[in-house]
Undergrad: 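Have a look at this one.
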Amino acid sequence: MKARKSSGLSLFLYKHNTLKNSKNISLKKIFALIDCNSFYASCEKVFSPRLENKPVVVLSNNDGCVISRSKEAKEIGIKMGEPAFHMTDIIEKNNVAVFSSNFALYGDMSNRVMEILNNFSSDIEIYSIDEAFLEISGMNIKDYEAYGHKIRNTVLQWTGIPVSVGISTTKTLAKVANHLAKKHDAFNGVMDLTNSNDFEKALKLTPVNDIWGIGWQFSKFLKEQNILNALDLSKMNDSWIRKHLHIVGLRTVEELRGKPCISMESNPPGKKGITHSRSFGTAVTEYSILEEAVSTFTSRCAEKLRKQNSYVTVITVFVMTNRFSDDPKYVNFKTLHITTPTNNTPELIEHAAKLLKLLFKKGYRYKKAGVMFTELIPATHEQLSFWDNIDRSKQKKIMPVLDRITATMGKDVVKYAIQGTHRRWKLRQEKLSKKFTTKWDELLEIDLDKI
DNA sequence: TCTGGGGTCCTAGGACCC
DNA sequence: TCTGGGGTCCTAGGACCC
C-alpha cells in the first residue's frame with residue numbers, strides 16, 4: 001500500500017517536473033539590459049563636439065564631487081566620487097572638461113533614449129535615468145547579438161548617446177553580459193550571453209564586486225573567504241549563502257546560475273517616500289533664507305506627490321551643519337503626522353515652515369536642509385477629518401493649473417511668496433552647460449560660415 | 001573654500017498580546 | 001513571580017541600487 005502510494009506520487013512528480021521543464025524551455029525569457037555609457041558625460045559631449053576623445057567629468061550638485069566620467073577621464077585615473085578640490089592638478093595637466101550637473105538636460109536626453117528603446121520591445125522596465133531592461137523573448141528574434149547592435153546603432157544615431165547591451169536569460173546575467181560588453185572592446189558594445197555553455201566563462205571573468213546586488217560590504221567579506229568571482233560564488237551552497245548574504249543574496253546567486261528570480265517591473269508602483277534635500281552653496285545662518293529653501297523643497301516634493309497621484313500623511317523636515325568643518329555641529333529633524341492627508345502645496349509649505357520654526361536654533365551655520373514625505377496613500381483614499389475646515393474643492397482646481405504652468409514654462413515661474421525671489425540659498429553651479437533641449441533661448445547655435 | 005541626492009528591501013530586537 | 005510558545009507591530013540600522 002505504502003509502496004504503491006509513493007510510486008504513484010513519484011510518477012506524478014516526474015510528469016509534473018518534465019512538464020514544467022519543457023514549459024520552461026519553450027517559455028524561457030530573454031532579457032536585454034541597455035545601459036548608456038558614462039551617461040551624464042556623454043550628454044555633455046553630444047552638445048560639444050569639440051570634446052570628442054577628450055576627458056570629460058560631471059560634478060554633483062554644488063560642484064562637490066565627480067559623478068560621471070567619460071572613458072578618457074577614467075583612463076587618466078579620475079575616480080568616481082572624488083571631491084573636485086582634490087583634482088585641480090590632474091584637471092589642469094590633462095585639460096579635462098568639467099561640468100556642473102545639468103539634470104534638465106540629462107532627464108530630457110534620457111526620455112529620448114527610452115522612447116527609442118520602446119520601439120524594440122513592448123515590455124520595457126526603465127530602471128534608472130540611464131538604464132532599461134527589455135524583455136525580448138517571444139519576438140522571433142533569430143540572432144540576439146545582431147538585435148543588440150541594431151538597438152545600439154539606432155540610439156547612437158538618433159541621440160548621439162553610446163550604449164552597451166547585455167543579453168541573457170536572467171536580469172542579473174544580462175547585467176553580467178552588459179559589464180563584459182563595456183569592459184572588453186572586442187564585443188563592440190554588445191554581448192549575447194543566452195547560450196548556457198558560455199555562462200561559466202562569463203562568470204569567471206566577473207569579479208564579485210561587479211555583480212549586481214553585491215556591494216562594498218559583501219564584496220569585502222567574500223574576498224576574505226577567497227570567493228573572488230561570480231563563478232566561485234555560484235558554486236557555494238544555498239544554506240551558506242542564505243546565512244551570510246541573506247535572502248536577497250540567494251536570489252542573486254540563483255540568477256547567476258540561470259534561474260530567473262527577479263521579474264520585470266514594467267509598471268513600477270508609486271514611490272513609498274519622497275525626499276528633496278540640498279546642500280547650500282554657502283552656509284546659511286539666517287532663518288528667512290532657510291525658510292525659503294525648505295518651502296521650495298516642500299513645493300518640489302508636492303509636485304512629485306501629485307505626479308504619482310498620492311497624498312502624504314507624514315512630513316519630516318531636517319537641517320544640518322557642515323559635517324566636515326570645525327563649526328559647531330547641529331543635526332536635527334522634526335516630524336508631523338497630518339490629520340487630513342493632502343497634496344496641496346501651500347498647506348504643506350505651512351506645515352513644513354512650522355516644523356522648521358521648531359528646529360531652528362540661532363548661531364549655527366546650516367549647510368544642508370531637506371523635506372521628506374512618507375506614509376503616502378493613493379489620492380483615491382482621501383479621508384476627511386471632522387475638524388477639517390479648509391475648502392479643498394477650490395484647492396483641487398488650483399494645483400493642476402500650477403502643475404501645467406510648471407510643465408510648459410519651467411519651474412518656479414509661478415511660486416509662493418514664502419519661497420523668496422532670489423534663491424539666496426542657491427547651489428554652486430559654476431560650470432553649468434545650457435538647457436539645449438528644454439529651453440528655446442538656450443538652443444545650440446551653429447555658425448554655418450565656420451563649418 | 002570645496003565632500004551629492006534619491007530610493008528599495010531585509011533583519012534583528014523590543015514592546016506588547018494571548 | 002515569570003514559567004512557555006506563539007503571534008503582531010514597530011523601529012532602527014544595515015545592506016543594496018543608480
Side-chain angles (χ1 to χ4, degrees), chain A residues 33-40 57-68 79-88 91 98-103 106-107 110 125-133 171-172 175 178-179 208-222 241-252 255 261-262 265 268-283 293 297 300-301 303-305 307-308 314 316 318 320-327 333 335 337 365 367-376 427-431:
Chain A
L33 173 68
I34 294 89
D35 187 327
C36 302
N37 301 346
S38 314
F39 183 54
Y40 302 159
V57 300
V58 175
L59 304 178
S60 61
N61 275 328
N62 256 327
D63 295 347
C65 55
V66 175
I67 54 171
S68 180
K79 298 268 177 300
M80 192 69 173
E82 201 163 344
F85 68 95
H86 280 174
M87 310 189 308
T88 24
I91 285 172
V98 179
F99 291 92
S100 306
S101 38
N102 182 347
F103 287 106
Y106 312 149
S110 171
E125 173 185 341
I126 297 172
Y127 181 68
S128 74
I129 194 166
D130 69 337
E131 260 178 83
F133 287 99
K171 285 166 101 178
T172 307
K175 276 269 190 184
N178 189 291
H179 261 283
V208 282
N209 52 294
D210 274 359
I211 303 169
W212 187 43
I214 304 295
W216 188 78
Q217 290 289 337
F218 285 157
S219 295
K220 196 175 137 224
F221 167 75
L222 290 171
I241 296 162
R242 178 75 180 75
K243 186 174 168 204
H244 294 102
L245 308 184
H246 314 297
I247 192 79
V248 184
L250 185 57
R251 237 169 2 223
T252 296
E255 285 238 324
C261 300
I262 307 171
E265 287 225 4
K271 302 262 181 283
K272 295 178 173 174
I274 291 172
T275 305
H276 194 95
S277 68
R278 286 288 178 274
S279 302
F280 306 129
T282 47
F297 300 165
R300 293 280 173 278
C301 286
E303 280 160 22
K304 294 183 208 166
L305 194 63
K307 215 170 204 169
Q308 67 167 49
V314 175
T316 301
F318 66 87
M320 56 177 75
T321 50
N322 194 338
R323 290 183 288 158
F324 301 99
S325 75
D326 295 330
D327 291 342
F333 64 90
T335 295
H337 292 246
R365 294 165 51 75
K367 188 61 188 157
K368 184 176 179 177
V371 175
M372 290 158 70
F373 287 0
T374 46
E375 312 266 316
L376 311 184
L427 307 173
R428 265 186 10 151
Q429 292 183 312
E430 285 169 3
K431 287 156 182 166

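Residue numbering restarts at 1 for every chain, and letters A, B, ... go by the order of the sequence lines.
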Undergrad: Would you find a donor on one side and an acceptor on the other, under 3.5 Å apart, between the side chain of A:Asn62 and the backbone of A:Leu427?
TA: no

Undergrad: Give the first and the last nucleotide of DNA chain B, reading 5' to 3', that has any atom under 4.0 Å from a heavy atom of chain A.
TA: B:dC2 to B:dT11

Undergrad: Base, sugar-phosphate, or nothing for A:Arg365, non-hydrogen atoms under 4.0 angstrom?
TA: nothing

Undergrad: Closer than 3.5 angstrom, by distance alone: can the side chain of A:Ser60 be matched with the main-chain N or O of A:Cys65 as a donor-acceptor pair?
TA: yes

Undergrad: Pairing of DNA chain B as dot-bracket, 5' to 3': ( ) intra-strand, [ ] crossing, | other strand, . unpaired, with Watson-Crick or G-U pairs under 3.5 Å?
TA: ....||||||||||||||

Undergrad: Using the P atom on both, measure C:dC18 against B:dT3 and round to a whole Å.
TA: 25 Å

Undergrad: Hey, are the side chains of A:Lys271 and A:Lys304 touching, using non-hydrogen atoms and a 4.5 Å cut-off?
TA: no

Undergrad: Students often get this wrong, so: under 4.0 angstrom with heavy atoms, is A:Arg300 touching a base, only sugar-phosphate, or nothing?
TA: nothing

Undergrad: Just call it for A:Asn61: base, sugar-phosphate, or nothing, with non-hydrogen atoms closer than 4.0 Å on any strand.
TA: sugar-phosphate

Undergrad: Tell me, which of residues 126-133 of chain A have any heavy atom that sits under 4.0 Å from an atom in DNA chain C?
TA: A:Tyr127, A:Ser128, A:Asp130, A:Glu131

Undergrad: Between A:Ser68 and A:Val57 (side chain of the first, backbone of the second, donor and acceptor by atom type, cut-off under 3.5 Å), is there such a pair?
TA: no

Undergrad: Using modelled atom types only, decide if a donor and an acceptor are shared between the side chain of A:Ser100 and the backbone of A:Asp63 within a distance under 3.5 Å.
TA: no

Undergrad: At 4.0 Å (heavy atoms only), tell me whether A:Gly273 reaches a base, stays on the sugar-phosphate, or touches nothing.
TA: sugar-phosphate

Undergrad: Find out whether A:Ser101 and A:Tyr40 are in side-chain contact, i.e. whether some heavy atom of one side chain is under 4.5 Å from a heavy atom of the other.
TA: no

Undergrad: Please check if the side chain of A:Asp210 supplies one atom and the backbone of A:His179 the other of a donor-acceptor pair under 3.5 Å.
TA: no

Undergrad: Is the backbone N or O of A:Glu265 less than 3.5 Å from a side-chain atom of A:Glu125, with the two atoms forming a donor-acceptor pair by type?
TA: yes

Undergrad: Is the ring pair A:Phe280/A:Phe297 parallel, tilted or perpendicular, if the boundaries are 30 and 60 degrees?
TA: parallel

Undergrad: Name the nucleic acid region contacted by A:Leu427, choosing base, sugar-phosphate or nothing; use a 4.0 angstrom heavy-atom cut-off, strictly under.
TA: nothing

Undergrad: Please compare A:His86 and A:Ile274 by the position of their nearest nucleotide in DNA chain B and report the one closer to 5'.
TA: A:His86

Undergrad: Mind checking if A:Lys220 touches a base, just sugar-phosphate, or nothing, with heavy atoms under 4.0 Å?
TA: nothing

Undergrad: Which one of A:Thr252, A:Leu33, A:Ile214 satisfies the side-chain contact (heavy atoms from CB on, under 4.5 Å) criterion with A:Thr172?
TA: A:Thr252

Undergrad: Starting at the 5' end of DNA chain B and moving along, which residue's nearest nucleotide shows up first, A:Ser325 or A:His246?
TA: A:Ser325

Undergrad: Would you call the rings of A:Phe218 and A:His246 parallel, tilted or perpendicular if under 30° counts as parallel and over 60° as perpendicular?
TA: tilted

